[in-house]
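Presented below is the structure to which this report refers.
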Amino acid sequence: MCGRFTLTADVGAVQAAFSWAAPAPEAMFAGPRYNIAPTQTVCAVVSDGSNQLVQLKWGLVPAWSKASQILPPLINARAETVAEKPSFRSAFRHRRCLILADGWFEWQVQPNGKPKQPHWVGLHSRHVFAMAGLWEKWGPPGETELRTCTIITCEASAVLAPLHARMPVILAPESYADWLRPQPGDAQALRALLRPFDAEPFDVRPVSTIVNNARIDSDECVRPLDPIAQAGGQ
DNA sequence: CCAGACGTTGTT
DNA sequence: GTCTGG
DNA sequence: CCAGACGTTGTT
DNA sequence: GTCTGG
């Protein structure tokens, strides 16, 4: 699945990589980010006909929700059901987005009830990539309006399956325009985009459990675990 | 996703 | 155990 | 037509 | 917002 991720590239590099999207005034985010957690602000591209680089809060709140709080955290949406679920179907038709990242974390269940081992997963190229997401507005328009999002997941590819059964949907650049188009579009065609990414190889590395604590946002979260110490620990 | 909190009442 | 916070 | 429901995923 | 039930 995807319950934590990274965007370690600096603001300039992100804006350069997505220069076809106009940075919104509030789009300045404090990068680099080594441990982005639910409820925090993420960097995203949305479109109302023109593409915009914006900030959204991670954890989708349906527009019809009576209160913005008191909710289970809608941080992920299954590709298999996203078109039908009441919480997502409206956003799936009208408010698809790209959520920018350069890696994410998976917690691998260990045998014998040992603590889960976190892993960082990124592209071997280290490029920033785009996860398929949905977003919503909640509350009266204006300063207080809440803008939230969720990350779509699919079955894990063969390489990642040993870590976890699910992975975030990563879109190839060729698909960005089709995914972002604000019109409802062809549900079948959109659904076809939501599959395990295999266009580029992944780099997977075990990392320190320091990443478990969402308050810690340091490069130690992505530093490769010392192989010797790791072997000694087994 | 994981970490951490969660202590009660009555009285001022 | 369950809920909230990050 | 209106009323009322619907909130998610992943884990064990 | 959208779907189902009456």
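Within 4.0 Å of A:P73, counting heavy atoms only, lies at least one base atom of the nucleic acid. Note on A:V211: nothing from the nucleic acid sits closer than 4.0 angstrom, heavy atoms only. Nucleic acid contact for A:I75: base, since at least one base atom lies under 4.0 Å from a heavy atom of the residue. Across all strands shown, A:R215 has heavy atoms under 4.0 Å from sugar-phosphate atoms exclusively, and none from any base. Within the nucleic acid shown, A:F105 has no heavy atom closer than 4.0 Å to any nucleic acid atom. As judged by a 4.0 angstrom heavy-atom cut-off over every strand, A:T209 is placed among residues making no nucleic acid contact. Within 4.0 Å (heavy atoms only), A:A165 reaches no atom of the nucleic acid at all.
Atom-to-atom, CD of A:E106 to P of B:dC1 comes out at 10 Å; the value is rounded to the nearest Å. As a whole-Å value, the separation of A:L163 CG from D:dG10 C1' is 15 Å. The distance between atom CZ of A:F92 and atom C1' of D:dT8, rounded to the nearest whole Å, is 17 Å. The interatomic distance linking A:E136 (CD) with D:dC6 (P) rounds to 19 Å, in whole Å. Residue A:K66 contributes atom NZ, which lies 11 Å from atom C1' of D:dA3 at whole-angstrom precision. Summarising the geometry, the separation between CG on A:L60 and P on D:dC6 is reported as 18 Å, rounded to the nearest angstrom. Between the CG atom of A:N213 and the C1' atom of B:dC1 there is a distance of 12 Å, rounded to whole Å. Between A:F5 atom CZ and B:dC2 atom C1' there is a gap of 16 Å when expressed in whole angstrom units.
Within the 4.5 Å cutoff, side-chain heavy atoms of A:F5 are placed close to those of A:M131. The side-chain heavy atoms of A:R191 and A:E80, taken from C-beta on, include a pair separated by under 4.5 Å. Within the 4.5 Å cutoff, side-chain heavy atoms of A:S208 are placed close to those of A:L225.
Nucleotides B:dT9 and C:dG1, compared at atom P, are 24 Å apart to the nearest Å. Look at the C1' atom in both D:dG10 and E:dT2: the space between them is 26 Å, to the nearest Å. Comparing the same atom, C1', in B:dT8 and in D:dA3 gives a spacing of 42 Å after rounding to whole Å. Rounded to whole Å, the P atom of B:dC1 lies 9 Å from the corresponding atom of D:dT12.
In this model, the phosphate group of D:dG10 is approached by a side-chain N or O of A:R78 to a distance below 4.0 Å at OP1 or OP2. Listed pair A:S90 / D:dC6 fails the phosphate criterion, with no side-chain N or O lying under 4.0 Å from OP1 or OP2. Under 4.0 angstrom from either OP1 or OP2 of B:dA3 there lies at least one side-chain N or O belonging to A:N212. Note on A:K116: a side-chain N or O is less than 4.0 Å away from OP1 or OP2 of B:dC2. The shortest distance between the side-chain N/O atoms of A:T150 and the OP1/OP2 oxygens of D:dT8 is not below 4.0 Å.
Of all nucleotides in DNA chain E, those with any atom nearer than 4.0 Å to a heavy atom of chain A start and finish, going 5' to 3', at E:dG1 to E:dC3.
Residue side chain A:W107 fails the stacking definition with respect to B:dC1, as its ring centre and the base's six-membered ring centre are not both under 5.5 angstrom apart and under 30 degrees in plane angle.
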Check against salt bridge (charged side-chain N to carboxylate O under 4.0 Å, His left out), A:R33 and A:D217:
CA-CA 7 Å; A:R33 298 291 311 281; A:D217 186 3; 2.9 Å; yes
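For the ring pair (Phe, Tyr, Trp, His ring centres under 6.0 Å) test, residues two or more places apart in sequence or in another chain that qualify with A:W104 are A:F202.
A side-chain N or O of A:R95 and one of A:S90 form a donor-acceptor pair less than 3.5 Å apart.
Not one N or O on the side chain of A:W107 forms a donor-acceptor pair closer than 3.5 Å with the backbone of A:H119. Between the side chain of A:R89 and the backbone N or O of A:F92, no donor-acceptor pair lies under 3.5 Å.
In the displayed structure, A:Q188 atom CD is contacted under 6.0 Å by at most 12 heavy atoms of other residues, nucleotides or ligands.
Under the Watson-Crick or G-U wobble criterion, with both distances below 3.5 Å, B:dT8 has no partner in any strand shown. Across every strand in view, B:dA3 sits in a pair with C:dT4 that passes the Watson-Crick or G-U test at under 3.5 angstrom.
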